[in-house]
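Model, not experiment: these values are computed from the prediction. These values consider heavy atoms only, across backbone and side chains, with no hydrogens, waters or symmetry-generated copies.
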Amino acid sequence: MTFETGISFYLIWLLAAAAPGPNVAFTIATGLSTPLPRALLAPVGIGLGGLVYALGVSAGLGTLLKASAEAFAVVKWVGVAYLVWLGVRQWQAAGRSGLAATPVKPKTGPVVCLQAFVVMVSNPKAALAYAAIFPAFIEPGGTAWQQFALLSGIAAAASVTVHCSYILLAARLGGWQVMRARPALVHRASGTIYLLAAAALALVRRGVAAA
């Protein structure tokens, strides 16, 4: 793979990762409700989830999800249920945040990373994006697994870059004085974003979407 090809792939993946979807919704909600720097572990979890899908695509997972409506539906509804659960928890936290006797503890870094990983791997549209974009950059004359490994690393770096940007933007919004004075508002906002992401994921059909 040439340097120019690698840069082209990186830029394409930046655009794919930046497109609105469950992953973007998760990082924005996390940036609103989780303090820095632990919130920055969300992009790490998404990047790791992307590596899983990259490996899966190299093993034929993308083809399976394209061909099997049942497999696509299972992965999709697992993701929907998880996002709904996250949204409900944030709304519950909003209620508890107003009670001095039961302060809301921020999520730990490992929990943030794990939640992001689960959101990523339970988004079948991400797998289809990998399956659609990766083959276009595999050169017939090269070793396939080496090229997949390189593309996987570039895609993970692009995803982390994009989602870190979303986290930092959301953190600035969450740092507004009105937000600091009203933590319940932050939890409700992030919970609503999770629920909207769940609704959007529930409506998707098989096809190509953002990573």
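Contacts of Ser165 classified as side-chain hydrogen bond (donor to acceptor under 3.5 Å, both in side chains), with partners at least two apart in sequence or in another chain: none. Shown here are the ring pair (Phe, Tyr, Trp, His ring centres under 6.0 Å) partners of Phe9, two or more places apart in sequence or in another chain: Trp13, Phe134, Phe137.
Note that the CG atom of Leu32 and the OH atom of Tyr166 stand 13.5 Å from one another [nearest 0.5 Å]. In this structure, the separation between OG1 on Thr30 and CZ on Arg38 is 12.5 Å, given to the nearest 0.5 Å. Interatomic distance, OG of Ser159 versus CG of Leu48, reported as 11.0 Å (0.5 Å rounding). The CG atom of Leu41 sits 10.0 Å away from the OG1 atom of Thr34 when rounded to the nearest 0.5 Å.
Put simply, the side chain of Ile46 does not reach to within 4.5 Å of the side chain of Val119, judged on heavy atoms. The shortest side-chain heavy-atom distance between Val44 and Phe117 does not fall under the 4.5 Å cut-off. By the 4.5 Å heavy-atom criterion applied to side chains, Gln146 and Leu150 are not counted as neighbours.
Listed here is the closest heavy atom pair of His163 and Ala17: NE2-O, 4.0 Å. For Ala116 against Ala42, the heavy-atom pair with the smallest separation is CB-O, 3.1 Å.
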The test is side chain to side chain contact (heavy atoms under 4.5 Å, CB included); show your working for Thr161 and Tyr10 and say whether it passes. CA-CA 10 Å; Thr161 299; Tyr10 179 79; 3.3 Å; yes

Before you tell me yes or no, could you show the steps for Val88 and Val84 under side chain to side chain contact (heavy atoms under 4.5 Å, CB included), namely the whole-Å CA-CA distance, both residues' side-chain angles and the distance that decides it to 0.1 Å? CA-CA 6 Å; Val88 170; Val84 168; 4.2 Å; yes

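By the rule that hydrophobic residues join a cluster once side-chain heavy atoms approach within less than 4.5 Å of another member, Met120 and Ile154 end up as members of one cluster. Residues Ile12 and Val160 fall into different hydrophobic clusters, defined by Ile, Leu, Val, Met, Phe, Trp and Tyr side chains chained together at heavy-atom separations under 4.5 Å. In terms of hydrophobic clustering, with Ile, Leu, Val, Met, Phe, Trp and Tyr side chains grouped at heavy-atom distances under 4.5 Å, Leu11 and Val24 are assigned to a common cluster.
By the 4.5 Å side-chain criterion applied to Ile, Leu, Val, Met, Phe, Trp and Tyr, Leu168 is assigned to a cluster that also includes Leu36, Leu40, Ile167.
Residues Ser152 and Tyr53 bring no donor and acceptor atom of their side chains to less than 3.5 Å of each other.
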